[in-house]
There are 2 protein chains.
Amino acid sequence: MTEPKRRGPRQAEAERNDRALLRAARQVLAADGGHASVAAIAAAAGVGIGSLYRRYRTKEELFQRLAELSLDNWNQAAERGLAEDDPWEGLASFIVTCAEFGQGSLAPIAGTIEVTKEMQAKSDRSDELLAALVARAHQARVLRPDVTAVDISLLIEQFGRSPALDQLRKQGREDLIEAAANAHKRVLAIAVDGLRACHSRPLPGNPPTDQLFSERWAHETGRDRRWTG
Amino acid sequence: MTEPKRRGPRQAEAERNDRALLRAARQVLAADGGHASVAAIAAAAGVGIGSLYRRYRTKEELFQRLAELSLDNWNQAAERGLAEDDPWEGLASFIVTCAEFGQGSLAPIAGTIEVTKEMQAKSDRSDELLAALVARAHQARVLRPDVTAVDISLLIEQFGRSPALDQLRKQGREDLIEAAANAHKRVLAIAVDGLRACHSRPLPGNPPTDQLFSERWAHETGRDRRWTG
DNA sequence: TTACAACCGGAGTAATTCGCTCCGCAAGTT
DNA sequence: AACTTGCGGAGCGAATTACTCCGGTTGTAA
């Protein structure tokens, strides 16, 4: 409704630029952390800085859009996972989809962007969907019993970026990028296999509290920060 | 030989400061990436900038020392692992030790610091030690057969930092840091369990080439970089 | 062709942050 | 007291930042 039909080749280019910008933002954010500059994002997208600022009024607006997109991707992946017949396959494909979308690139900006009402609602929904996926896998006894939803969240975040891939991209080693991406998928597959209910020894430590995630997007509680960076 | 004995309380303080600096550098580097500033490192260590520059002439010198320390830690952990009787326990403890030392914090500076002869030698040795650990585990049939040494390296790097922990540290949430550290250990334990030889389906894709690692520390080959950051 | 609209890229700008130097000060030794 | 040793951080020029503004290019219509 907002965009019924593109009205010409210029609009098509604008859409392509927007997609390239969001994609590049995830990559540069993963590689450079929260300090990622708009110039670097625009360059990685292959567009001018002007084009970036025509679509997003500020850097923060771009980051907010990015966060919302990631939540959408998370929720869609979870719904697709729940729609699968096999509880294990549903959970596993959800994890892989989230990780490969680059979910982890958002960690450095968590706590720096303002959280809108929509984002909060989507975040709440994402918690419910993940809990449902985990509960179903537990009931089917395919997921090792000592694994919690927070464990899965942390695993997704942990694999939401690949240090090796980020560095190669920064160096412009296009020739190795695909190999690194495949290698990353392999390691993720190893970790996902570790979730299966075929392990004798229990995990170390106590199950993590969900406080670890619920407070992570909190915005400047007045608490003094340790570092300036 | 270089430092036979500390000659007074001032030297003791200097040593403590040095350890704090190196420790803080790993943490800030993990949280802020390659742009980590010396001011942030000094602040996180609780020392002044002047003290940092009395010990290291430049920022790069500090980073070089950091890289060398990581290689030492890697090699010591590998030797301890090889000294263990159980091939599986040897490999697993090696992985956990390296990951928890913060091996992954070095990724953002790989390619930006000059590699000394000593570092190159230690790096070569680290390759040999890891290969020995992997070969021994393969022979004992405790490691899933399709896992290579490069897979292990990537896994260590992947878990060499924790995005959640980094963010909490940046926010000064001391109350949650220990919980996050424990949660990180749990997820790592899950991934390590995925390495065991009790999985039916093979890993996706082809085994990664060691080119992924051998060229990562290469310094400015004249290749044009994509981003300025 | 000419007139016009839509959109692009990036030079320019003020403000900030950077790596690093330098110096005044406190603590320990003689 | 005189001296040594190491400390913290203000201050410096250079580099980088987010963002603005405008000349140029592309596509459409007469």
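From a predicted model like this one, the values you see are computed outputs, not experimental measurements. Quick note on labels: first sequence line is chain A, next is B, and so on, each numbered from 1.
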>> Whole angstroms only, please: what is the OH-C1' distance between A:Tyr53 and D:dC22?
In response: 17 Å

> When you measure from the side chain of B:Lys59, which nucleotide among D:dC19, D:dC7, C:dG19 comes out closest?
Replying inline: C:dG19

> Roughly how many Å is it from CD in B:Glu15 to P in D:dT5, rounded to a whole number?
Replying inline: 17 Å

>> Check this for me: does any side-chain nitrogen of one of A:Glu157 and A:Arg216 sit under 4.0 Å from a carboxylate oxygen of the other?
In response: yes

> Does a side-chain N-to-carboxylate-O contact under 4.0 Å join A:Arg55 and A:Glu15?
Replying inline: no

>> For A:Glu178, is the CD atom crowded, meaning more than 12 foreign heavy atoms sit under 6.0 Å from it?
In response: no

> How long is the line joining CD of A:Glu61 and C1' of D:dA18, in whole Å?
Replying inline: 14 Å

>> Restricting to non-hydrogen atoms, name the atom on B:His184 and the atom on B:Ser162 that form the minimum distance, rounded to 0.1 Å.
In response: CD2-CB, 3.4 Å

So which protein nitrogen or oxygen atoms get under 3.5 Å of nucleotides 8-11 of chain D's nitrogens or oxygens?
{"residue": "D:dG8", "atom": "OP2", "partner": "B:Gly48", "partner atom": "N", "Å": "2.9"}
{"residue": "D:dG8", "atom": "OP2", "partner": "B:Ser51", "partner atom": "OG", "Å": "2.4"}
{"residue": "D:dG9", "atom": "N7", "partner": "B:Gly50", "partner atom": "N", "Å": "3.2"}
{"residue": "D:dG9", "atom": "O6", "partner": "B:Gly50", "partner atom": "N", "Å": "3.1"}

>> What is the separation between atom CG on A:Asp18 and atom P on C:dC8, rounded to the nearest whole Å?
In response: 10 Å

>> In this structure, how many angstroms lie between the P atom of C:dC22 and the CZ atom of B:Arg57, rounded?
In response: 15 Å

> Does B:Arg173 pair with A:Glu215 as a salt bridge, N-O distance under 4.0 Å?
Replying inline: yes

> What is the bend of the helix from C:dT1-D:dA30 to C:dT30-D:dA1 when you compare the axis at one end with the axis at the other, using five pairs each and rounding to 10°?
Replying inline: 10°

>> Just the rounded figure in Å: distance from C1' of D:dC19 to CD of A:Glu60.
In response: 15 Å

> Between B:His35 (NE2) and D:dA15 (P), how many Å, whole number?
Replying inline: 16 Å

>> Checking side chain to side chain donor-acceptor pair (under 3.5 Å) between B:Lys122 and each of B:Thr116, B:Asp72, B:Asn75, which is the one that passes?
In response: B:Asp72

> Which pairs, with at least one residue in residues 38-78 of chain B and sequence neighbours excluded, count as a ring-ring contact (aromatic ring centres under 6.0 Å, His included)?
Replying inline: B:Trp74-B:Phe94

> Whole-Å distance between C:dT21 P and B:Leu52 CG?
Replying inline: 12 Å

> So B:Asp124 and B:Gln120, side chain to side chain donor-acceptor pair (under 3.5 Å) or not? Walk me through it.
Replying inline: CA-CA 6 Å; B:Asp124 291 344; B:Gln120 189 58 55; 3.2 Å; yes

>> Just N and O in the side chain of A:Arg55: are any of them under 4.0 Å from OP1 or OP2 of C:dC8?
In response: yes

>> Under a plain distance cut-off of 3.5 Å, with no hydrogens placed, do B:Asp151 and B:Thr148 share a side-chain donor-acceptor pair?
In response: yes

